[in-house]
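Here's the structure we're looking at; comments come further down.
So that the names make sense, note that chain A is the first sequence line, chain B the second, and so on, each numbered from 1. All values below come from the heavy atoms of this structure, side chains included, with hydrogens, waters and symmetry mates left out.
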2 protein chains.
Amino acid sequence: MTKKTIQGCCSVLVAPVEERDAEGLCLAFKALSDPARLRVLSLIASQPTGEVCACDLVAPIGKSQPTVSHHLKVLFEAGLVTKEKRGSWIWYRAVPERLAELRTALDPSPAFAAV
Amino acid sequence: MTKKTIQGCCSVLVAPVEERDAEGLCLAFKALSDPARLRVLSLIASQPTGEVCACDLVAPIGKSQPTVSHHLKVLFEAGLVTKEKRGSWIWYRAVPERLAELRTALDPSPAFAAV
DNA sequence: TCGGCATATCGATGGACGTCGATACCTTGC
DNA sequence: GCAAGGTATCGACGTCCATCGATATGCCGA
């Protein structure tokens with residue numbers, strides 16, 4: 001009655017790197033798993049100049065300043081944005097390389113097997 | 001002292017579609033925001049046959065059967081996998097189109113502005 | 001029809017997370 | 001030095017979530 005005798009059970013291939021890498025990827029995906037944060041990143045990445053001052057994010061997002069600051073911190077710690085202090089203001093930029101990493105991880109072609 | 005007089009303040013472009021689409025994308029990213037779930041998806045997608053029986057996922061993931069079942073449900077509801085019942089077993093497959101959607105959303109080229 | 005296996009659901013629990021007001025820190029202009 | 005504004009941190013609160021054991025449902029073979 002076992003499936004093996006009927007279907008020829010699949011030998012689930014467990015990639016050994018999996019467990020460690022999954023943690024790192026999850027940190028990034030977790031950063032994208034909140035609507036407000038996704039919009040923050042979108043606002044930053046869609047700028048013609050490539051950068052946004054933190055103070056200009058509060059109004060469009062519609063959350064309090066501490067909340068936006070918190071989300072920016074999460075994005076920063078996930079490696080999705082960089083910040084640069086200029087005067088009183090802090091400018092945020094998206095990190096294309098990190099985004100490319102995530103896209104690669106979501107590629108169903110052979111590369112995904114290595115996730 | 002305002003930034004506008006010094007830097008020429010950025011006019012943060014708010015995409016109107018943003019809020020609605022962010023919710024849909026977040027559902028998928030949230031599904032990927034757990035290490036166990038990421039590994040489940042990886043195991044499914046990396047199969048040569050393209051499909052995996054649910055029963056073969058419990059052992060590699062190292063979580064209880066109800067937990068794995070829960071994770072599969074989340075992935076299914078996020079549109080990342082499909083399931084097909086054959087006899088007593090349920091076979092899961094990845095959904096390449098949905099993965100492609102996410103890759104597109106993470107593209108820093110113009111497309112990302114529409115997220 | 002019955003026993004066994006695969007899968008899903010339920011209920012409970014401990015921990016993580018989003019949110020905000022209050023507040024502290026730092027920089028700038030006066 | 002002082003006042004004002006931008007930003008981060010803190011503490012608290014309510015909610016969501018991952019996890020598991022127990023249990024229900026469904027399918028198959030005997």
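- When every heavy atom of L38(B) is checked against every heavy atom of C26(A), the shortest pair comes out as CD2-SG, 3.9 Å.
- What separates CD of Q65(B) from C1' of dT7(C) is a distance of 6 Å, to the nearest Å.
- Partners of E97(A) under the salt bridge (Lys or Arg N to Asp or Glu O under 4.0 Å) rule, at least two apart in sequence or in another chain, do not exist in this structure.
- The nearest whole Å value for the distance from the CZ atom in F29(A) to the C1' atom in dA18(D) is 19 Å.
- Rounding to whole angstrom units, OH of residue Y92(A) and P of dG6(D) are separated by 15 Å.
- Residues satisfying the side chain to side chain donor-acceptor pair (under 3.5 Å) criterion with T82(B), sequence neighbours excluded, are absent altogether.
- Nucleotide dA8(D) holds its C1' atom 8 Å from the NZ atom of K83(A), rounded to whole Å.
- The distance from atom NZ of K85(A) to atom P of dG6(D) is 14 Å, rounded to the nearest whole Å.
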Taking only nitrogen or oxygen atoms into account, show me every contact under 3.5 Å that the protein makes with nucleotides 12-19 of chain C, one pair per line with its distance.
from    : atom 1 : to     : atom 2 : distance (Å)
dG18(C) : OP1    : R37(A) : NH1    : 2.9
dG18(C) : OP1    : R37(A) : NH2    : 2.7
dG18(C) : OP2    : R37(A) : NH1    : 3.4
dG18(C) : OP2    : H70(A) : NE2    : 3.3
dT19(C) : OP1    : K63(A) : NZ     : 2.3
dT19(C) : OP2    : H71(A) : NE2    : 2.4

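- Contact check, K73(A) against dT7(D): no side-chain N or O comes under 4.0 Å of OP1 or OP2.
- With sequence neighbours excluded, no residue forms a side chain to side chain donor-acceptor pair (under 3.5 Å) with R103(A).
- Under the side chain to side chain donor-acceptor pair (under 3.5 Å) criterion, T67(A) pairs with S64(A), not counting sequence neighbours.
- The distance between atom CG of L72(B) and atom P of dA6(C), rounded to the nearest whole Å, is 15 Å.
- Annotation: side chain to side chain donor-acceptor pair (under 3.5 Å) contacts of H71(B) (sequence neighbours excluded): R37(B).
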Checking L106(A) against F29(A) for the side-chain contact (heavy atoms from CB on, under 4.5 Å) test, could you report, in this order, the C-alpha distance in whole Å, the side-chain angles of both residues, the deciding distance, and whether it holds? CA-CA 11 Å; L106(A) 293 179; F29(A) 285 130; 3.8 Å; yes

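- Scanning for side chain to side chain contact (heavy atoms under 4.5 Å, CB included) contacts around K73(A) gives E77(A), with sequence neighbours left out.
- At whole-Å resolution of the value, CZ in R86(B) and P in dT7(C) are 12 Å apart.
- Taking atom CG of D56(B) as the reference point, atom C1' of dA6(C) lies 11 Å away to the nearest angstrom.
- In this model, the phosphate group of dT27(C) is not approached by any side-chain N or O of S88(A) to a distance below 4.0 Å at OP1 or OP2.
- Checking dA8(C), dT7(C), dA8(D) against every side-chain atom of I90(A), the shortest atom distance belongs to dA8(D).
- Judged as a side chain to side chain contact (heavy atoms under 4.5 Å, CB included), and not counting sequence neighbours, the contacts of Q65(A) are V58(A), S69(A).
- Note on the helix from dT1(C)-dA30(D) to dC30(C)-dG1(D): terminal axis deviation equals 30°, with five pairs used at each end and the result rounded to 10°.
- As judged by a 4.0 angstrom heavy-atom cut-off over every strand, F76(B) is placed among residues making no nucleic acid contact.
- Nearest-nucleotide positions on DNA chain C for G87(A) and G62(A) put G62(A) closer to the 5' end.
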